[in-house]
Trainee: 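Can you read through this structure? Questions will come right after.
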Protein chains: 2
Amino acid sequence: MATSSTPQRAGPGRGRPPRLDAARTVDVALALLDEAGLDALTMRRLADAVGAQVGALYRYFATKQDLLTAMAERMLAGCGDPLPSHENWPGQVAEMAERMRNALLRYQDGARVFAGTHAVGVNTLSFSDTLVGVLRGAGFADEDAARATFAIVSFVIGHTLEEQAADAYPQDGPLLESALEPGAFPHLTAARHTLTSADFGTHFRFGLKLIITGLRHHEPGRQDLHNATRLSRREQR
Amino acid sequence: MATSSTPQRAGPGRGRPPRLDAARTVDVALALLDEAGLDALTMRRLADAVGAQVGALYRYFATKQDLLTAMAERMLAGCGDPLPSHENWPGQVAEMAERMRNALLRYQDGARVFAGTHAVGVNTLSFSDTLVGVLRGAGFADEDAARATFAIVSFVIGHTLEEQAADAYPQDGPLLESALEPGAFPHLTAARHTLTSADFGTHFRFGLKLIITGLRHHEPGRQDLHNATRLSRREQR
DNA sequence: ACCTGAACACCGTTCAAGT
DNA sequence: ACCTGAACACCGTTCAAGT
């Protein structure tokens, strides 16, 4: 992706070295993202930060979406690295999920950038490959390993998205508190302290543990037959 | 939210009836969203569709973000309705998750709209209240019920986001296939058919089943002590 | 080969003025 | 009270022209 949009480089020493290049542009874009957030990351501001005119960016990224994809891909650097082999598979699955969460949390709006793109670079692929590998190594069939990976990634993205949104709108907790007029929503009222708690690390590990426990007790096969009897409304129409 | 930004209405029969109102504007906005997608939903296009000038929209919604929040809130209409009582709690949890998924799937980019807002209207609150209620009714402590709700909602949002993104970029599957040069990423290669499958309903129910199975085998208490020893990198710094 | 300068077709938002 | 008309300060993207 980033590779295909990289222009031809002149041979070493031939011609002027370019003032811009894709890798540095992504670096600066990620720094800008972390400082100001996704809404403030405009091509013009990026051009300023990188010391060029707006149009120059389009030599390296055909579109802003391509830039965001390259940023997403960059974020996952290292997330597919080999795992410490002394851990059992549930620990390894947890480690992979936390790697991804930490990668997205490292930049403001990181989850939004990632969710809004479809990176298929080495970092992203190697992350998925490692996670699928852990599950296949644990004895899961290829299908189940793929589906479990999909579930874990979906959970991580959704959870991190919520967490970073809460970071950006800290007034949201009190807002929910005040929306709970006494009498209505008794269950929400009973659970409000935990729901509005900013301890997202604990929330995350709770949900992750549910998924891993589910995997532990998963019996292969019969999955499709078992579920064929309760299709969602969407598939029924 | 939508309530607070609704302007004072004249008494019945007094003055001209307004050509706009918040409810109809949200209706038209949702129709436009479903037809053209979130990127094409601009205030100007909405004004056209509603038969007014752009500025008129700002009498009912202080900002575009408020409009999107009202849309998100509207999407969840009915999702908090009482559940059929003949089902056991795992079935009821599954039903709530599928209700939310179906609600977000009903409009193009529905998940993106929902993920990008923080609706705290009756529909959203009543949905959460019902889900927390199912879990409390099943015997879960308030804290666990809240955290499980958070996990389920995160999973639904993340999963539906991916599903609708795949709807919008159907060329992405082949793209991943072609990125898998033989030799690299053996696990991804083994699992590629399931990973690129468009059967998101099956994917969704697989992940949902993992979470519900996890809940079934959840033992209350000891959660915090158990996890305190493995903080994520983020909490460590 | 790489970048500038300038333009094009849009945006969200504001606000005086009309009715 | 409700809406129009017009403006302001931006956007992403394109492309001839310079060096």
Side-chain angles (χ1 to χ4, degrees), chain A residues 2-26 28-29 32-33 36-71 109 112-113 116-117, chain B residues 2-26 28-29 32-33 36-71 109 112-113 116-117:
Chain A
T3 322
S4 67
S5 61
T6 300
Q8 317 295 349
R9 292 294 306 276
R14 307 221 301 108
R16 235 179 333 237
R19 311 211 277 100
L20 250 48
D21 70 291
R24 188 171 85 88
T25 305
V26 171
V28 176
L32 203 56
L33 175 73
L38 180 56
D39 293 337
L41 178 67
T42 70
M43 295 300 265
R44 286 165 208 269
R45 271 201 262 248
L46 176 56
D48 275 3
V50 96
Q53 303 297 312
V54 221
L57 296 173
Y58 288 83
R59 186 160 300 275
Y60 298 92
F61 303 96
T63 181
K64 188 182 182 181
Q65 190 64 26
D66 281 9
L67 200 230
L68 292 168
T69 302
M71 291 167 68
D109 288 332
R112 255 172 87 197
V113 170
T117 58
Chain B
T3 323
S4 68
S5 62
T6 299
Q8 318 295 348
R9 292 294 306 276
R14 307 221 301 108
R16 236 181 330 237
R19 313 211 276 100
L20 250 50
D21 70 292
R24 188 171 85 87
T25 305
V26 171
V28 176
L32 202 57
L33 175 72
L38 180 55
D39 293 337
L41 178 68
T42 70
M43 295 301 264
R44 286 166 207 269
R45 272 200 262 248
L46 176 56
D48 274 4
V50 97
Q53 303 297 312
V54 220
L57 295 174
Y58 288 83
R59 187 159 299 276
Y60 298 93
F61 303 96
T63 182
K64 187 182 183 182
Q65 190 64 26
D66 281 9
L67 198 233
L68 292 168
T69 302
M71 292 167 68
D109 288 332
R112 255 173 88 197
V113 170
T117 59

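Labels below follow one simple rule: chain letters A, B, ... track the order of the sequence lines, proteins then strands, and each chain is numbered from 1.
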Trainee: Can you tell me how far the CZ atom of F61(A) sits from the CG atom of D66(A), to the nearest 0.5 Å?
Mentor: 8.0 Å
Trainee: When the distance from CG of L57(A) to P of dC11(D) is rounded to whole Å, what number comes out?
Mentor: 13 Å
Trainee: Distances under 3.5 Å between protein N/O atoms and the N/O atoms of nucleotides 13-17 of chain C, please, pair by pair.
Mentor:
{"from": "dT13(C)", "atom 1": "OP1", "to": "T63(B)", "atom 2": "OG1", "distance (Å)": "2.7"}
{"from": "dT13(C)", "atom 1": "OP2", "to": "Y58(B)", "atom 2": "OH", "distance (Å)": "2.8"}
{"from": "dT13(C)", "atom 1": "OP2", "to": "K64(B)", "atom 2": "N", "distance (Å)": "2.8"}

Trainee: Between atom OH in Y60(A) and atom P in dT4(C), what is the gap in whole Å?
Mentor: 10 Å
Trainee: Take N1-N3 plus N6-O4 or O6-N4 for Watson-Crick, N1-O2 plus O6-N3 for G-U, both under 3.5 Å. Which runs of 3 or more such pairs involve DNA chain D?
Mentor: C:4-8 with D:12-16, C:12-16 with D:4-8
Trainee: Output the rounded distance in Å from CG (L20(A)) to P (dA1(C)).
Mentor: 17 Å
Trainee: If I take atom CE from residue M43(A) and atom OG1 from residue T63(A), how far apart are they, to the nearest 0.5 angstrom?
Mentor: 7.0 Å
Trainee: Between C1' on dA1(D) and CG on D21(B), what's the gap in Å once rounded to a whole number?
Mentor: 14 Å
Trainee: Mind checking the CG-CG spacing from L57(A) to L67(A)? Nearest 0.5 Å is all I need.
Mentor: 7.0 Å
Trainee: Grab the CZ-C1' distance between R24(A) and dC2(C) for me, whole Å please.
Mentor: 14 Å
Trainee: Kindly say whether L20(A) contributes a backbone atom to a donor-acceptor pair with the side chain of Y60(A) at under 3.5 angstrom?
Mentor: yes
Trainee: How long is the straight-line distance from CG of L46(B) back to NZ of K64(B), given to the nearest 0.5 Å?
Mentor: 9.5 Å
Trainee: Evaluate the side-chain proximity of L68(B) to L38(B): yes if any heavy-atom separation is below 4.5 Å, no if none is.
Mentor: yes
Trainee: So how far is it from T42(B) OG1 to D48(B) CG, rounded to the nearest 0.5 Å?
Mentor: 8.0 Å
Trainee: Please confirm whether the backbone N or O of V50(B) pairs with a side-chain atom of R24(B), one donor and one acceptor, at under 3.5 Å?
Mentor: yes
Trainee: Using atom CG of L67(A) as one end and atom C1' of dC11(D) as the other, report the distance to the nearest whole Å.
Mentor: 15 Å
Trainee: D48(A) CG to dC3(C) P: how many Å, rounded?
Mentor: 16 Å
Trainee: From dT4(C), dG12(D), dC3(C), pick the nucleotide closest to the side chain of Q53(A)?
Mentor: dT4(C)
